[in-house]
Amino acid sequence: MGWEIFTRKVIRNAEPSVSITTMGRLALNKSAAAMLEKSAAELVLLLWDADHRKVGIRVTTNKKDQRAYRVAYGAHGNGAGFSCVTFLNHIHYDWSKTRTFPMEWNEAEGTFVFAIPTEHLTGKPLAQQVPLGQLRRSDRKNAVTKTRELKEATSMTQ
């Protein structure tokens, strides 16, 4: 049997970037997380510029601000992230597929900024258009997959 070398599909990027996952999370890469961790950021605010389709992630120190998201850092400085399902639904982002976007640091505003192409602002993902009930996070992905399979099966029979 001949050996085949596996080619990784994950591309390591030294520039700050953010991924929006199928679980409705913003996942910051190692570079962006290091910048946040350097400023001892625990909380961030999400900003939305609808005219330019840009998202801002700004550090805040106000622990009483109900709009703030708590940042969770990965082990050994391997990124950071937080859940923001309501924000993604508010901007009508389709988070049915994980996508990565480059970010820039705006020093004047103390904010990470990234743009979202118009084609991704089409509404909630298919699975979120039906009630999922009280599911644990680990079960949510299975429910999403089953919903997609049902939708595909229904469209094939019509």
Side-chain angles (χ1 to χ4, degrees), residues 6 8-50 52-117 119-148:
F6 175 73
R8 280 190 343 185
K9 300 203 181 356
V10 175
I11 299 170
R12 302 286 182 207
N13 188 357
E15 298 298 317
S17 65
V18 62
S19 295
I20 303 176
T21 72
T22 58
M23 296 297 287
R25 290 183 58 83
L26 288 187
L28 306 173
N29 71 349
K30 189 173 186 174
S31 174
M35 293 174 76
L36 285 182
E37 202 165 25
K38 185 177 178 182
S39 64
E42 294 179 27
L43 301 168
V44 294
L45 295 173
L46 287 177
L47 313 169
W48 174 239
D49 178 347
H52 298 102
R53 300 173 326 278
K54 290 189 177 185
V55 176
I57 303 172
R58 180 179 294 161
V59 176
T60 183
T61 57
N62 184 355
K63 294 184 180 189
K64 293 182 180 180
D65 193 337
Q66 296 294 316
R67 304 168 299 172
Y69 292 85
R70 182 164 305 282
V71 178
Y73 292 94
H76 312 292
N78 289 330
F82 53 93
S83 180
C84 60
V85 170
T86 54
F87 172 77
L88 296 174
N89 289 342
H90 170 74
I91 67 171
H92 302 290
Y93 180 81
D94 175 11
W95 42 279
S96 59
K97 180 179 176 188
T98 297
R99 298 179 188 92
T100 302
F101 304 99
M103 291 194 302
E104 294 178 0
W105 177 250
N106 182 326
E107 188 69 40
E109 296 182 7
T111 305
F112 277 118
V113 178
F114 67 96
I116 298 178
E119 63 263 21
H120 303 313
L121 299 173
T122 59
K124 296 179 188 178
L126 171 66
Q128 291 300 309
Q129 294 177 3
V130 296
L132 293 178
Q134 296 294 325
L135 294 177
R136 291 187 316 249
R137 188 172 295 264
S138 60
D139 294 334
R140 194 177 299 162
K141 187 171 183 179
N142 293 336
V144 169
T145 303
K146 287 179 184 175
T147 303
R148 283 188 191 140

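Values below: every heavy atom of this structure, side chains too, minus hydrogens, waters and symmetry copies.
- Under the rule for a side-chain contact (heavy atoms from CB on, under 4.5 Å), the partners of Thr86 that lie at least two apart in sequence or sit in another chain are Tyr69.
- Between Ser39 and Val59, the closest heavy-atom pair is OG-CG2, 4.2 Å.
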Subject >> Test side chain to side chain contact (heavy atoms under 4.5 Å, CB included) applied to Ile57 and Leu46, step by step >> reply: CA-CA 5 Å; Ile57 303 172; Leu46 287 177; 3.9 Å; yes
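- Applying the ring-ring contact (aromatic ring centres under 6.0 Å, His included) criterion to Trp105, with sequence neighbours excluded, gives Phe112.
- Asn62 places none of its side-chain heavy atoms less than 4.5 Å from the side chain of Leu43.
- In this view, Tyr73 satisfies the ring-ring contact (aromatic ring centres under 6.0 Å, His included) rule with no residue, not counting sequence neighbours.
- Between Ala32 and Ser17, the shortest heavy-atom distance links the atoms CB-O, 4.2 Å.
- Contacts of Asp65 classified as salt bridge (Lys or Arg N to Asp or Glu O under 4.0 Å), with partners at least two apart in sequence or in another chain: Arg67.
- The salt bridge (Lys or Arg N to Asp or Glu O under 4.0 Å) contacts involving residues 33-47 comprise Glu42-Lys63, Glu42-Arg70, where partners must be two or more places apart or lie in separate chains.
- For residues 98-110, the pairs satisfying salt bridge (Lys or Arg N to Asp or Glu O under 4.0 Å) are Arg58-Glu109, with sequence neighbours left out.
- Looking at Ser31, its side chain does come within 3.5 Å of a backbone N or O of Ala14 through a donor-acceptor pair.
- Taking NE2 of His92 as the reference point, atom CG of Leu121 lies at 9.0 Å (rounded to 0.5 Å).
- Atom-to-atom distance recorded for Asn29:CG and Glu15:CD is 9.0 Å, nearest 0.5 angstrom.
- For the residue pair Pro117 and Arg53, the shortest heavy atom distance occurs at C-NE, 4.0 Å.
- Rounding to the nearest 0.5 Å places CD1 of Ile20 at 11.5 Å from OG1 of Thr22.
- What you find for Thr60 and Ala68 is that their closest heavy atoms are CG2-CB, 4.0 Å.
- When the side-chain contact (heavy atoms from CB on, under 4.5 Å) test is applied to Val18, the partners found at least two apart in sequence or on another chain are Leu26, Leu28, Phe101, Met103, Phe114.
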Original post:
Asp94 and Ser96: side-chain hydrogen bond (donor to acceptor under 3.5 Å, both in side chains), yes or no, with the steps?
Top reply: CA-CA 6 Å; Asp94 175 11; Ser96 59; 2.8 Å; yes
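- With sequence neighbours excluded, the residues forming a side-chain contact (heavy atoms from CB on, under 4.5 Å) with Thr21 are Met23, Arg25, Ala27, Thr98, listed by chain and number.
- From Thr111, atom OG1 reaches atom NZ of Lys54 across 12.0 Å, with rounding to the nearest 0.5 Å.
- Applying the side-chain hydrogen bond (donor to acceptor under 3.5 Å, both in side chains) rule to Asp49 yields the partners His52; only residues at least two apart in sequence or on another chain are considered.
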